[in-house]
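What you are looking at is a predicted structure, and each value in this text was computed from that prediction instead of being measured.
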Amino acid sequence: MHYLAEGLRLPTNGLDYTILAIYFVVVLGIGFAARASVKTSLDFFLSGRSLPAWVTGLAFVAANLGATEILGMAATGAQYGVAVVHWYWIGAIPAMVFLGLVMMPFYYRSKVRSVPEFLLQRFDKSAHLLSSVLFAFAAILIAGVNLYALSIVVEALLGWPQWVAIVVAGLFVLVYITIGGLSSAIYNEVLQFFVILAALIPLTLLGLKRVGGWDGLTGSLEKSHGSNFLSAWGGTGIGDANPLGANWLTIVLGLGFVLSFGYWTTNFAEVQRALSAKNLSAAQRTPLIAAFPKMFIVFLVMIPGLVAAVVVPQIGTSGSDLTYNDAIPVLMQELLPNGVLGIAVTGLLAAFMAGMAANVSSFNTVFTTDIWARYVKKDRPDTYYLRFGRLITAIGVLASIGTAFIAASFSNIMSYLQTLFSFFNVPMFVVFIIGMFWKRASMKSGVWGLVAGTTAAMINYFVIYKQGIISIPTDQGANFVSAIVGFVAGAVVMVVVTLFTAPKPEKELAGLVYGTESPDADEAPEEGDSAWYRKPALLGWGAVVLAALCYIPYSF
């Protein structure tokens with residue numbers, strides 16, 4: 001990610017800093033308040049599985065409102081136009097619905113504390129250990145992205161040195177997660193969700209007013225960028241050239257299926273929020289409740305990006321020191337009065353901390369329960385693992401500070417994150433999906449599917465794409481292709497290995513494979529689940545239908 005323009009400073013005053021200080025005090029207060037509920041390691045890592053669906057649902061969507069969502073998606077809007085909707089209505093909603101309706105019953109009923117632990121039950125220790133290590137590594141890299149993005153924004157907007165921003169934000173996240181565990185992270189994410197909306201809504205409305213409303217915006221963009229800039233599918237025919245560097249097939253398969261399902265259904269930073277819900281119905285409803293605000297948040301990040309392309313027509317051009325990543329900050333500088341400016345800065349910081357906290361809290365759970373307690377220090381008292389969970393949280397934050405600077409080598413943070421997802425999430429998804437729907441998939445096929453998928457995706461990106469063996473126009477297009485290659489390689493290897501190795505005994509597959517009866521399948525239905533708004537299926541299909549209706553204006 002490029003540094004923000006040197007001259008991009010916000011005219012903040014005492015009122016803005018007061019709002020920012022109040023927010024940080026509230027964040028720490030929530031952490032200390034949550035401390036009283038943390039008595040066991042289950043309380044620390046999964047909030048004792050006690051939270052209501054509306055809390056976990058808002059935390060689910062807020063955990064995703066990090067660096068890539070706010071800066072990255074607005075930058076994508078300024079650079080590619082309306083095509084940014086693909087990351088929401090194709091690249092998020094269907095997968096969130098699938099997670100709620102199909103996969104959460106497997107996760108929740110198996111009583112696992114993490115996504116890799118599910119692989120231990122379905123396959124064997126080798127698949128479990130490899131997936132745990134890969135996820136822990138990816139979580140620290142992604143947490144570092146949020147820290148790095150936060151530091152350069154704060155440096156540019158407020159004039160703080162980059163290392164000060166990194167240390168201050170890292171320490172705040174460390175304190176409230178170490179003290180209050182996942183409950184603290186989740187309740188802060190709910191607060192952060194509303195703070196982020198309070199920042200983005202005024203920016204969107206004032207931006208539209210500045211360019212003469214929606215008609216003025218679209219009219220200006222059509223003259224300067226052409227009609228395809230205002231169409232999600234314009235120029236995406238196979239063989240056609242477009243700024244995104246991807247055709248409709250790679251968008252649908254690479255983003256809409258492989259990357260999207262890989263992220264939303266196996267990324268423990270998200271799934272952990274649903275696993276902390278108080279019962280199965282609440283766990284299923286978590287991603288479905290999140291899907292409704294998710295489908296509209298696209299307007300709050302896309303429109304500012306489009307407005308920036310009109311207000312600052314030179315943004316992203318070779319003759320300007322403004323990059324596409326400057327879209328949100330430059331509008332904040334141009335449009336927001338003091339007070340509202342303080343809320344906007346607070347919202348940006350909240351977004352980055354939510355993304356970092358989600359990854360750090362998932363990292364400490366996986367490292368403690370799946371690596372340390374399983375393979376290093378077994379059968380210790382629960383208080384030992386609670387203490388170790390707090391220690392590894394501190395180590396995770398320090399490691400995130402170190403990995404923050406890896407992101408500096410990428411010109412676009414969204415491209416960087418999509419690259420990580422194609423390497424780590426996609427192989428895990430192919431192992432999950434085959435293991436859950438094919439009873440014959442053998443115990444050893446899981447680990448070899450992970451190895452093959454990760455290796456193939458990396459070879460495609462670093463060798464075939466970076467060395468120019470096959471010409472792919474952009475990093476983003478290469479990510480879509482890497483995801484498809486990783487998925488296909490993992491699936492093929494799993495099938496081949498299964499043909500030569502023993503399957504898991506059928507009696508051990510109960511509740512782990514689609515169509516097999518869960519051990520607790522005959523349990524009494526949960527109270528209060530008769531109301532329509534408590535039925536996951538209705539919520540899920542309602543989200544799909546609403547997203548489809550939203551997409552109609554951009555499909556032609």
Side-chain angles (χ1 to χ4, degrees), residues 1 61 64-96 149 196 200-201 203-204 207-208 211 214 217-218 220-222 224-236 242-248 250-252 254-256 259-260 263-264 291 293-312 315-316 323-331 351 355 411-419 421 473-477 479-480 547-548 550-556:
M1 181 178 180
V61 71
N64 182 247
L65 277 172
T68 182
E69 190 88 355
I70 305 301
L71 287 188
M73 290 301 179
T76 302
Q79 186 172 4
Y80 302 131
V82 172
V84 71
V85 299
H86 292 313
W87 274 267
Y88 292 78
W89 298 336
I90 284 182
I93 303 301
M96 294 167 77
I196 292 164
L200 292 178
I201 289 173
L203 195 64
T204 302
L208 282 173
V211 296
W214 180 253
L217 176 65
T218 55
S220 298
L221 289 174
E222 188 161 3
S224 59
H225 291 74
S227 59
N228 282 346
F229 199 75
L230 298 171
S231 169
W233 296 107
T236 60
N242 65 82
L244 192 58
N247 57 52
W248 67 267
T250 55
I251 291 172
V252 172
L255 174 63
L259 276 170
S260 169
Y263 175 80
W264 291 103
K294 179 71 178 176
M295 70 180 65
F296 296 110
I297 286 172
V298 62
F299 296 109
L300 299 181
V301 291
M302 177 184 73
I303 291 175
L306 297 178
V307 169
V310 174
V311 173
V312 191
I315 191 170
T323 71
Y324 290 113
N325 290 317
D326 296 327
I328 290 284
V330 78
L331 289 189
S411 61
N412 185 301
I413 49 176
M414 188 176 66
S415 294
Y416 174 54
L417 288 173
Q418 296 285 318
T419 303
F421 296 152
T474 63
D475 283 350
Q476 200 59 262
N479 290 333
F480 295 165
C550 289
Y551 210 93
I552 288 174
Y554 302 100
S555 299
F556 301 100

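Note: Ile196 CD1 to Ile201 CD1 = 11.5 Å, rounded to the nearest 0.5 Å. Atom OH in Tyr80 sits 11.5 Å away from atom CE in Met73 (nearest 0.5 Å). The distance from atom CG of Leu331 to atom CG of Leu200, rounded to the nearest 0.5 Å, is 11.0 Å.
Listed here is the closest heavy atom pair of Gly91 and Ser260: O-OG, 3.0 Å. When every heavy atom of Val61 is checked against every heavy atom of Pro293, the shortest pair comes out as CG1-CG, 4.4 Å.
The side chain to side chain donor-acceptor pair (under 3.5 Å) analysis of residues 303-312, with sequence neighbours excluded, yields no pairs.
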Check: residues 295-312 side-chain donor-acceptor pairs under 3.5 Å, at least two apart:
none

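Asn479 has its side chain out of reach of Phe421: every pair of non-hydrogen atoms, C-beta onward, lies at least 4.5 Å apart. In this structure, Trp264 and Lys294 have side chains that are in contact, with non-hydrogen atoms separated by less than 4.5 Å.
Not counting sequence neighbours, Tyr88 has no partner by the ring-ring contact (aromatic ring centres under 6.0 Å, His included) test.
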